[in-house]
Amino acid sequence: MALVGGVAAFASVFPAGDLLLRSSGGRFVPAQASSEKTFISGCAPDCEQNCRLYVRVKDGKMVKTEPAPMLNARYNRICLRGLSHVQRVYHPDRLKYPMRRVGKRGEGKWERITWDQAIDAIAGKLGEIKSQYGSNAVLFLPYAGNFGVVNGGYLGAMTMFANVFGATVASNAVDSALPLGESQVLANIPGSDFAHFEGNEVADIADHSRVIIAWGMDTAETQLQNWHFIEDAIQNGAKFIVIDPRFSKTASKADIWIRPRPGSDCALALSMIQVVMEEGLFDTTFLLEHTVAPFLVRTDNGKFLRQGDIDGTNSDKYVVWDEATSTFAAVDVARQPALTAVKTFNGILCKTAFQLLKEAMAEYRPEAVQGITNVSPDEIKMLARTYATDKPSAILAGFGIDRWDNGDLTGRALATLAALTHNIGLPGASVGGFFGGSSFMAVARESWRWTAPTWSWAPSLNILLCYDAVATGKCQMYVPRDPSKPLLGTTSKDPVTVPYALKAAIITCSNFVSNLPAQKRIINEVLAEDRLEFVVVADEFMTDTASYADIVLPSTSWFENDDLLVALHPYMVIQEKAIEPLYEAKSNWDFFKLLAEKMGFGQYFQGTSKDMRDRIIGALQEVFGREKMDRLRNEGITRLSDEPYVGFSDYNFPTPSGRIEFYAERVIVNFPYTYPALGVLVTDGGDPLPRFRPPAEAWFENPLAGKYPLVCIQKHPLWRVHSQWFNIPWLRELDPFPHVDINPADARARSITEGDLVDVFNDRGSATLKARLTEALPPGMINIDKGWQRSQFAAGGYQELTSDRKNPITLNASFFDTLVEVRKHGGA
Amino acid sequence: MSLIHSDEETGKDYAMVIDLERCVGCHTCAVACKLENDTPLGYWWNRVLTVGGQNVDVPAGQYPDLSIHYLPFACQHCDDPPCVKVCPVGATYKREADGAVVIDYERCIGCRYCVAACPYGVRVFNWGPAQRVPDFPVGFQGVHTDKYSSGNRVVFEPVRPVGVVEKCSFCVQRIDNDELPFCVIVCPARARLFGSQKDPDSEVSKLLRNGFAFNLLPELGTGPDVFFLPPRKKGPNLQKVPFTLLSDARDPVQTDPAPANEDKGGAQ
Amino acid sequence: MVETTRLQTMSNKQFYILTGVLLAIVAVGAVAWYTQITEGLIVTGMRNIISWGLYISTFAWFVGISAGGLILSSSSQVFGIKSWEKISPFATLLALIAIAMAALSILPDLGRPDRVLNLFLYPQFLSPLVWDLFIIATYLVLSALDLFFMLRHRLAKMGSRLALIMDASEASARRDAKAVKVISFVALPVAILTHSITAWIFGLQISRPYWNTALLAPLFLASAMASGLALVLFTMIGGKRFFGLKVETKLLSDIGKLLSVIVLVDLFLLLSEYITTIWPGVPSEVSSLDVVFFGPYGYLAWIQWGCALLAVALLIYPRTRRSLAGLFSAATLIMFEVFIYRLDLVIPAYVNPLVQFPPGTSIGEFVQGSSSFMLAGSYFPTVIEWAIVMAILAASLLLLTIAYRILPLNSSEPTNSTTSVMGSPTARAVGEEPR
């Protein structure tokens, strides 16, 4: 007895309890299993993969996420981040209740307040600012933090409120240059979608492409769910080429890896165009029928020759040289338009657009660009020949080539290359992203039906311009000549200075202090207490941005409210509310509804977010039909576009000529817009043809490179989506601390060894972090993975290094166009 | 001598095949395992190793000959498991029903002999009270006893006791309910296959028949049931992986099979 | 008449002080073990890569030092070496205490000592640990019986109840002697098996190339005999010097000679292992050896060899071999180097896993801001581990001290001689009151 008692006492100290019973082989009876419920939702960050998820809930707590079926099993998906939601939803650092700043902005001292107090304060302040400066002085700053329609940044509650109130909405300045360039060639009528989103659907590329070029695109890391499609293509015999200065995961799987000088991609593409034209590898028929190639251009003013120029009528028909009759003829009557023609009319020398392109490309012969691109002429020729002849070929253009000041020029070059070789509009032939037929674009196009219940739209201002507006009260931009057509007009040749007062900011779905460039300027100038008088941030965590708020509001996760998920893949998914909001968190819908009610226009925010979702589905039904929306209601998922989606398959190019305009009479400008890609403006002047211009800063010929010789990029790693998941324990185990990737030769030259603490710095700021030596980066280029918050660095932050330079045409954040130097921390 | 206690035969002999060509080292399978099995912080049953340079995601070689591959790595479920042979109390055993090597968490005495014996180093030990975020059970959560063995073997429980060894069990709590292991389901690259070697028509059997699959440390004779398909490109880093390529060439093998074309017949 | 005397060691006060100090050390160890039980083995320095350490080395060392005693006393029976007969009970006692402590020292290494009964409920007979369990149990029983039969007659003569059977006749002495002889014949092979099986715990594992050699069992035997004999020397010299144990220096010197031979054999086996690895130069095998001598724990190997060679020198050089100080130093060095050898066997074999790629193995502990993985293992015993090992050592000394106090280990006569036991009246222990 004593022995048993002793053993039992001994066993009882073990932390897991009740062990004696188990060790003696007694039957273990499991506790009564509580019921487990399954909900279906979706993961809604800006990864563009947006997975449909089963959410398992037990006793009101989320316990698991699993992939839920898409309508096509090839699109079933989940990733390491989607699997960590239990750690994110129940993270101990979740914001729990509204807080008001005490002390200085950014000091980190808060007092708890109630939602009522918060709403009162916000409503009061917005009212004040409206009466003092006008409602436009309130800046609504959404970003891509949530792709749920109701609670996200651009298609739901936030936009509705901004429109009704009349705030200014900050518009997109990221991922805009490359798409602008592609649209310049393929879709340059203001009001068209970005051509970038008209690439073929990824399943089509998997099944039909013979050549796939991932250009500035690291699919295996940043588009993870599209990777298996590329593997399928490879296993079907497709040739996989990767163009990237970095030996990325994707490059490691390529048949051919080309390593150009960072920022020189445009010159490489132009050189390929030169080879294609020189060696006759272009598709004449396609050029004649669907591009401006045969159109004659007046060399005196750079405009297309029009029928009216010839016969004095009003006709603006385009004119070609008809070889059948040896005369000028309108394009719709000519029997045999010439691809190449140099003819004089009335003393005006006219050449075909094709001819002009060829002449312009002469300076980009492979031998001539070798010094610019660091790619050998043989490689360039091989690339061009492979792309042009082993068709159908797809160029998957990534934002690695967008984040430079010359990103739009690269987009233009790639679109031109695709046009010349007829690698567009066909199964397997695509240029742009994988985003064809996406539900996001389809819904964004129709969002005006519900986001402006008072039929007035808030003005938007490009977020980069907002920096200047806040800091200085004015900004420089192209403006519409006709103010009555603010979104669809044309501009003068040069940007003008526009006074713009912004006095307050409401920020949700955004961590712009971390994710937008020139962090020091943001903190010191934009968020200075005497510039922006009032800052409200709604978020799940105390991010870099939330740290600088005056009022912080706790947001729900995607699983704590109902919503409708749209994505850059073709499917739209009902997101069911799976668990009750944690602590005092509220969804954006609930927050803006409360605020609207307080401010007297609550009638536009009837019901719950679920009710709003139903109304949205009703609106979409009018566009897409009952069948598709019933499918959504009954099965929880639907597809809005044809399957498989091939972009431009009807060869209807939204340009003034209806054709691909590799030569264009006018240049489109990234006028501030809210999604979708409405409102690009058109400016007179600018380059009618693609050409190369080096990056603004990160270029070997820049004298600054003597002082700051290293190009600094910030790739998007698997561990985060932008800055979301920055604090998730499982992911931190795998990726514990910020590090700068540096080539061993560069490290040796600076006496830096593996794991050393180093400072990365330039005139704009610095970051202190550990070094990781890798041959994956070429000498002269370093990388700091995106998404770390300031508190995670030993000192400073990586986003201090980037510039908010404003290219007036692209208005795009050129993160990679950055020069820095690196030195060991604490030493010379 | 039979180390297995089994009342039922399932007629299966499970194997897992991992395609190193498709794997891009995204760690989704590693995190999935943590979720499904509610593994504490600091413990990984399944991990993704970088075969390349000296650090994660760092390649081997010098430009232009750089190479990197990834090796998802967990229990190999050997046919002749050294861990099973050394366990003094028979807590770990190979299920005769389907070949999975599992651990009875209620019998393990924590001597860590199996940790010493495993050539692959895939067994982890509960050194102390587990840290978990969140602090309630997630994943499978329930207690699962071996469906095919007698003796009430507790082969899964959401919180393993302090002082016992744990490891990948081919998600025994799932395969006993006719579900695939969780890592197989989630792999974004579709690099994982799971099936019975006894079924000649399973994808796994087909792949193993074509001779390109390999095991790790084959010279030790452990007979793992986890196989790998070699990547199609060879690089300087592959010498480091302890395997022998069975063949120099690799035929493109479809791991996402198109619907079978059944109509091979025709007029004779 | 035969005069058997109880060893008068010291006054009661000194005795209680000595036992009190030892008990205190044991108590500290007990507290350490309690901490380990409530907080788990994370309080040790072991983690998932190096998952065996000080405890298992201590276990193997204790098993080893128990060899010498029993082999001495059994060999004296089996091979008729009369000069060893006098010290047989003492040697057997050492063996008994050592093996008992070995069995105890495995307990702290278990993650679930509360489930130790499982070893008896569900033994898995292919496991060398189970073999070791049985052989150690057998060894323990045999040593206990051996010692009992050696001392029973004396105890009976003294009237001590420990004799159990109070027959003090000559016939019973002869019966006892026969029992001892039989036990010795069994004990010798059992002793050899014990160390071989303990070696096979490590040597049969293909997962650790450094262990996986056929030479491991002979190595363990050699080092066990060396450390066991050294232990006998160590305690006997200490006993002679401080506690009046009666033993001739010549006998000790002879044991010293034997010891030097055994250590040389041990070193020879190691050299054979090294040459067989280095000459062919197979990289995977050379790298294991490289870790042993030049890895993070390389100092252990050099210390081991240094001590062994120094000890051999002391034992070969006649002047030191014949001096008590020389013998004592050599014995200490050998026990120490064998302990180092055990540590150096276990730890370096874990440092580099066979499948070793970044990020490495998850170590079983989460530290914010650090990776949960390590490529190569790293280990240093913590205070808790040292405390527990010290406690086991102290416990063995405590048992030895108590045994000294109460058992008639000292005798001028052989315990198992079949010749007349009429002893010389002048033969008496140091410090004995004349009758």
- prompt: Looking at residues at least two apart in the chain, or sitting in another chain, which of them share a side-chain hydrogen bond (donor to acceptor under 3.5 Å, both in side chains) with Y120(B)?
  reply: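 Partners of Y120(B) under the side-chain hydrogen bond (donor to acceptor under 3.5 Å, both in side chains) test: T222(B).
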Check for a donor-acceptor pair, side chain of [X] on one end and backbone N or O of [Y] on the other, with a separation under 3.5 Å.
{"X": "R115(C)", "Y": "I109(B)", "value": "no"}
{"X": "E39(C)", "Y": "G128(B)", "value": "no"}
{"X": "Q124(C)", "Y": "T92(B)", "value": "no"}

Proximal component of R47(B), with respect to chain C [non-hydrogen, under 4.5 Å]: side chain
message: Need one label for V165(B): side chain, backbone, both or neither, based on atoms under 4.5 Å from any heavy atom in chain C.
response: neither
Find the one option among [options] whose heavy-atom pairs under 4.5 Å with chain B are most numerous.
{"options": "V346(C), I206(C), V43(C), L375(C)", "answer": "I206(C)"}
{"options": "A349(C), S371(C), S372(C)", "answer": "S372(C)"}
{"options": "V116(C), L129(C), L119(C), N48(C)", "answer": "N48(C)"}
{"options": "I49(C), V130(C), L133(C), I201(C)", "answer": "I201(C)"}

- prompt: Got a sec, which pairs hit side chain to side chain donor-acceptor pair (under 3.5 Å) with one end in residues 345-367 of chain C, sequence neighbours left out?
  reply: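 Output for this query lists R47(C)-E365(C), N352(C)-Q356(C).
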Provide the closest heavy-atom pair for [X] versus [Y] in the form atom of the first, atom of the second, distance.
{"X": "R112(C)", "Y": "C108(B)", "answer": "CG-O, 3.5 Å"}
{"X": "P359(C)", "Y": "L49(B)", "answer": "CD-CD2, 4.1 Å"}
{"X": "V115(B)", "Y": "R208(C)", "answer": "O-NH2, 3.1 Å"}
{"X": "L354(C)", "Y": "P119(B)", "answer": "CB-O, 3.5 Å"}

- request: Report yes or no: is the cationic atom of R107(B) (NZ for Lys, CZ for Arg) closer than 6.0 Å to the six-membered ring centre of Y122(C), at no more than 45° off its axis?
  value: yes
With a 4.5 angstrom heavy-atom cut-off, which part of [X] approaches chain B: side chain, backbone, both or neither?
{"X": "P353(C)", "answer": "neither"}
{"X": "I363(C)", "answer": "backbone"}
{"X": "F373(C)", "answer": "side chain"}
{"X": "I106(C)", "answer": "neither"}
{"X": "W211(C)", "answer": "side chain"}

message: What verdict does the side-chain contact (heavy atoms from CB on, under 4.5 Å) test give for R112(B) and L41(C), after you've listed the backbone C-alpha separation in whole Å, the side-chain angles of each residue and the deciding distance to 0.1 Å?
response: CA-CA 11 Å; R112(B) 303 184 308 293; L41(C) 280 162; 3.5 Å; yes
When [options] are compared by non-hydrogen pairs under 4.5 Å with chain C, the top option:
{"options": "P88(B), P82(B), G110(B)", "value": "P88(B)"}
{"options": "W45(B), Y113(B), Y43(B)", "value": "Y113(B)"}
{"options": "A117(B), C87(B), A116(B), C118(B)", "value": "A116(B)"}

